[in-house]
Asks: 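Quick one: this structure, given as structure tokens, is what I'll be asking you about.
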Amino acid sequence: MSTNIPWTRVTAEGVVIVASILLAFGIDAAWTGRGERAAEIAYYQLLDRDLTQTIEQLQDYVQYEEERAAAALQAYQALSGGPRPSDEELSIALSVATQRRTVDLIAPAYSDMTSTGNIRLLRDRLLRDEVIRFYEAAERDYDVIARNTALYVDGLLVSALYGPGLIRGSYPGTPTAHDEMGFREPDDRVWALPPDAPDLAPLRSALWLRSGGFVLEAARQLEAANELRRLVRTKLGL
């Protein structure tokens, strides 16, 4: 019996098998790469959407806060010997100053990327770092905004104004002298207080703090969001 091994044929068959395996891996890798590139583009599009909504939200918030800060300043000046509006206007300014608005971080795309590990799909390392840096900073700033408004508005200002019963609450278009059912109410007590009334000292302090507005962190995030969206849109070719 012949024991000669047809090495040539064995080698040729081995080469074919190895080549087939490598080809299969190559095709799979190509499809995987193509899919990851498509996912990367999709994530950039979602980031652009989230950042656009964030910019719109922050723009509205800054305008809203500036209006409330102006009302607080008007009331502070009126109660500190400055220009005195009508009693009705003063009550409205005081009520408007107590209004506040919350802002929530809009980050569904970023949350999905970090929770799934797909943040790696953003192949541009520098841009990926910018995305991470933006959202980490945003979380801190939004927390500061929430705590500041809760402390200075809900805490100090509301307590100083409504705690002693200085006003009942007056808003543009709502008659101060009547409640919502039309019943006659006494005039707001703040109108008749002398400048040195004890109740006015904490109110003036709270109004002064409120007149500064809470737009520092929001303005910083607005600038950062605009810049990050510009980078994302450049990547998308927009």
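As the structure is a computational prediction, the values presented were derived from the model and not from experiment.
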Asks: Take Arg147 and Asp143 through the test salt bridge (charged side-chain N to carboxylate O under 4.0 Å, His left out) and record every step on the way to the result.
Replies: CA-CA 6 Å; Arg147 287 188 284 109; Asp143 183 59; 2.9 Å; yes
Asks: Give the C-alpha distance, both sets of side-chain angles, the deciding distance and a yes or no for side-chain contact (heavy atoms from CB on, under 4.5 Å) between Leu157 and Leu203.
Replies: CA-CA 7 Å; Leu157 182 54; Leu203 176 57; 3.8 Å; yes
Asks: Is the shortest side-chain heavy-atom distance between Thr52 and Glu56 below 4.5 Å?
Replies: yes
Asks: I need the single residue from Tyr110, Tyr44, Tyr43 that forms a side chain to side chain contact (heavy atoms under 4.5 Å, CB included) with Val131. Which is it?
Replies: Tyr110
Asks: Rounded to the nearest 0.5 Å, what separation is found between the CD atom of Glu139 and the CD atom of Glu136?
Replies: 7.0 Å
Asks: Please check: side-chain N/O of Ser80 versus main-chain N/O of Gly82, any donor-acceptor pairing under 3.5 Å?
Replies: no
Asks: Say whether Leu209 and Leu151 are linked into one hydrophobic cluster, either directly or through other cluster members, by side-chain heavy-atom distances under 4.5 angstrom.
Replies: yes
Asks: Applying side-chain contact (heavy atoms from CB on, under 4.5 Å) to Tyr135 and Thr114, what does each step give before you reach the verdict?
Replies: CA-CA 11 Å; Tyr135 282 103; Thr114 52; over 6 Å; no
Asks: Please answer: with hydrophobic residues joined when any side-chain heavy atoms are less than 4.5 Å apart, are Leu94 and Tyr64 in the same cluster?
Replies: no
Asks: Between atom OG of Ser211 and atom CD of Gln74, what is the distance when rounded to the nearest 0.5 Å?
Replies: 12.0 Å
Asks: Using every non-hydrogen atom in the two residues, find where Arg189 and Pro164 come nearest and quote the distance to one decimal.
Replies: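 Heavy atoms only, the tightest pair is NH2-O, 2.9 Å.
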Asks: Taking C-beta and beyond as the side chain, do Met113 and Leu46 meet within less than 4.5 Å on heavy atoms?
Replies: no
Asks: Run the ring pair (Phe, Tyr, Trp, His ring centres under 6.0 Å) test against Tyr61 and tell me which residues pass, sequence neighbours left out.
Replies: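 With sequence neighbours excluded, Tyr61 shows a ring pair (Phe, Tyr, Trp, His ring centres under 6.0 Å) to no residue whatsoever.
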Asks: Gln221 and Ala138: which non-hydrogen atoms are nearest, and at how many Å?
Replies: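 Taking Gln221 first and Ala138 second, the nearest heavy atoms are OE1-CB, 3.3 Å.
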Asks: Closest approach of Gln99 and Arg210, non-hydrogen atoms and distance?
Replies: O-NH2, 2.9 Å
Asks: I'd like to know if Arg101 and Asp60 make a salt bridge, using a cut-off of under 4.0 Å between side-chain N and carboxylate O.
Replies: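 Salt bridge between Arg101 and Asp60, a charged N being under 4.0 Å from a carboxylate O: no.
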Asks: Taking Ile55 as the starting point, is it possible to reach Val62 by hopping between hydrophobic residues whose side chains are less than 4.5 Å apart?
Replies: no
Asks: Answer yes if the side chains of Trp191 and Ser91 hold a donor-acceptor pair under 3.5 Å, and no otherwise.
Replies: yes
Asks: Are any non-hydrogen side-chain atoms of Leu127 and Leu228 less than 4.5 angstrom apart?
Replies: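 In short, these two side chains touch, coming nearer than 4.5 Å.
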Asks: Can you measure from CD1 (Ile145) to CZ (Arg100) and round to the nearest 0.5 angstrom?
Replies: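 Separation between the atoms: 11.5 Å.
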Asks: Mark yes or no for whether Ser111, through its side chain, and Pro108, through its backbone, hold a donor-acceptor pair below 3.5 Å.
Replies: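 Judged by distance alone, no pair lies under 3.5 Å.
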Asks: Using side-chain contact (heavy atoms from CB on, under 4.5 Å), reason through Leu156 and Ser205 one step at a time and then give a plain yes or no.
Replies: CA-CA 9 Å; Leu156 296 179; Ser205 294; over 6 Å; no
Asks: Give a yes or no on this: more than 12 heavy atoms of other residues, nucleotides or ligands lie within 6.0 Å of atom CD of Glu223.
Replies: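 Count not over threshold, so no.
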Asks: Count I, L, V, M, F, W, Y as connected when their side-chain heavy atoms are under 4.5 Å apart, and connections chain through other members. Are Phe134 and Leu216 then in the same cluster?
Replies: no
Asks: Could you measure the distance from the CG atom of Asp141 to the CZ atom of Arg220? Nearest 0.5 Å is fine.
Replies: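 If we round to the nearest 0.5 Å, Asp141:CG and Arg220:CZ are 4.0 Å apart.
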Asks: Do Glu130 and Arg125 meet the salt-bridge criterion of a basic N to acidic O distance under 4.0 Å?
Replies: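 Answer for the salt bridge query: no.
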Asks: Side chain of Thr149, backbone of Ala146: donor and acceptor closer than 3.5 Å?
Replies: yes
Asks: A side-chain contact here means heavy atoms from C-beta on lying under 4.5 Å apart; do Leu161 and Leu207 qualify?
Replies: no
Asks: How far apart are the closest heavy atoms of Pro195 and Leu200, and which atoms are they?
Replies: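 Heavy atoms of Pro195 and Leu200 come nearest at O-CD1, 4.0 Å.
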Asks: Applying ring pair (Phe, Tyr, Trp, His ring centres under 6.0 Å), name anything that partners Phe214, two or more places apart in sequence or on another chain.
Replies: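 Partners of Phe214 by the ring pair (Phe, Tyr, Trp, His ring centres under 6.0 Å) criterion, ordered by chain and then number, come out as Tyr152.
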Asks: Kindly compute the distance separating CD (Gln59) from CG (Asn226), expressed to the nearest 0.5 Å.
Replies: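 The CG atom of Asn226 is 7.0 Å from CD of Gln59, to the nearest 0.5 Å.
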Asks: Any Lys/Arg nitrogen of Arg133 or Asp129 sitting under 4.0 Å from an Asp/Glu carboxylate oxygen of the other?
Replies: no
Asks: Go through the steps for Arg229 and Thr54 under the test side-chain contact (heavy atoms from CB on, under 4.5 Å), then give the verdict.
Replies: CA-CA 10 Å; Arg229 185 177 66 169; Thr54 295; over 6 Å; no
Asks: Tell me if a side-chain donor or acceptor on Asp50 pairs with a main-chain N or O of Ala107 at a distance below 3.5 Å.
Replies: no
Asks: Rounded to the nearest 0.5 Å, what separation is found between the CD1 atom of Ile167 and the CD1 atom of Ile92?
Replies: 10.0 Å
Asks: Give me the atom names and distance for the closest heavy-atom approach of Leu122 to Arg128.
Replies: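 Heavy atoms of Leu122 and Arg128 come nearest at O-NH1, 2.6 Å.
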Asks: Following the transitive rule for hydrophobic clusters with a side-chain heavy-atom cut-off under 4.5 Å over Ile, Leu, Val, Met, Phe, Trp and Tyr, establish whether Ile106 and Tyr142 coincide in one cluster.
Replies: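 No; tracing contacts between hydrophobic side chains, which count when under 4.5 Å, never links both residues.
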Asks: With distance as the sole test, does Glu89 use its side chain to make a donor-acceptor pair with the main-chain N or O of Ser86 at under 3.5 Å?
Replies: yes
Asks: Going by heavy atoms in the side chains, are Tyr162 and Ser95 under 4.5 Å from each other?
Replies: yes
Asks: Could you tell me which non-hydrogen atom of Arg68 sits nearest to which non-hydrogen atom of Val96, and how far apart they are?
Replies: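 The answer is CG-O, 3.2 Å.
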Asks: Could you walk me through whether Glu40 and Arg37 pass salt bridge (charged side-chain N to carboxylate O under 4.0 Å, His left out), step by step?
Replies: CA-CA 5 Å; Glu40 179 187 25; Arg37 285 194 292 274; over 6 Å; no
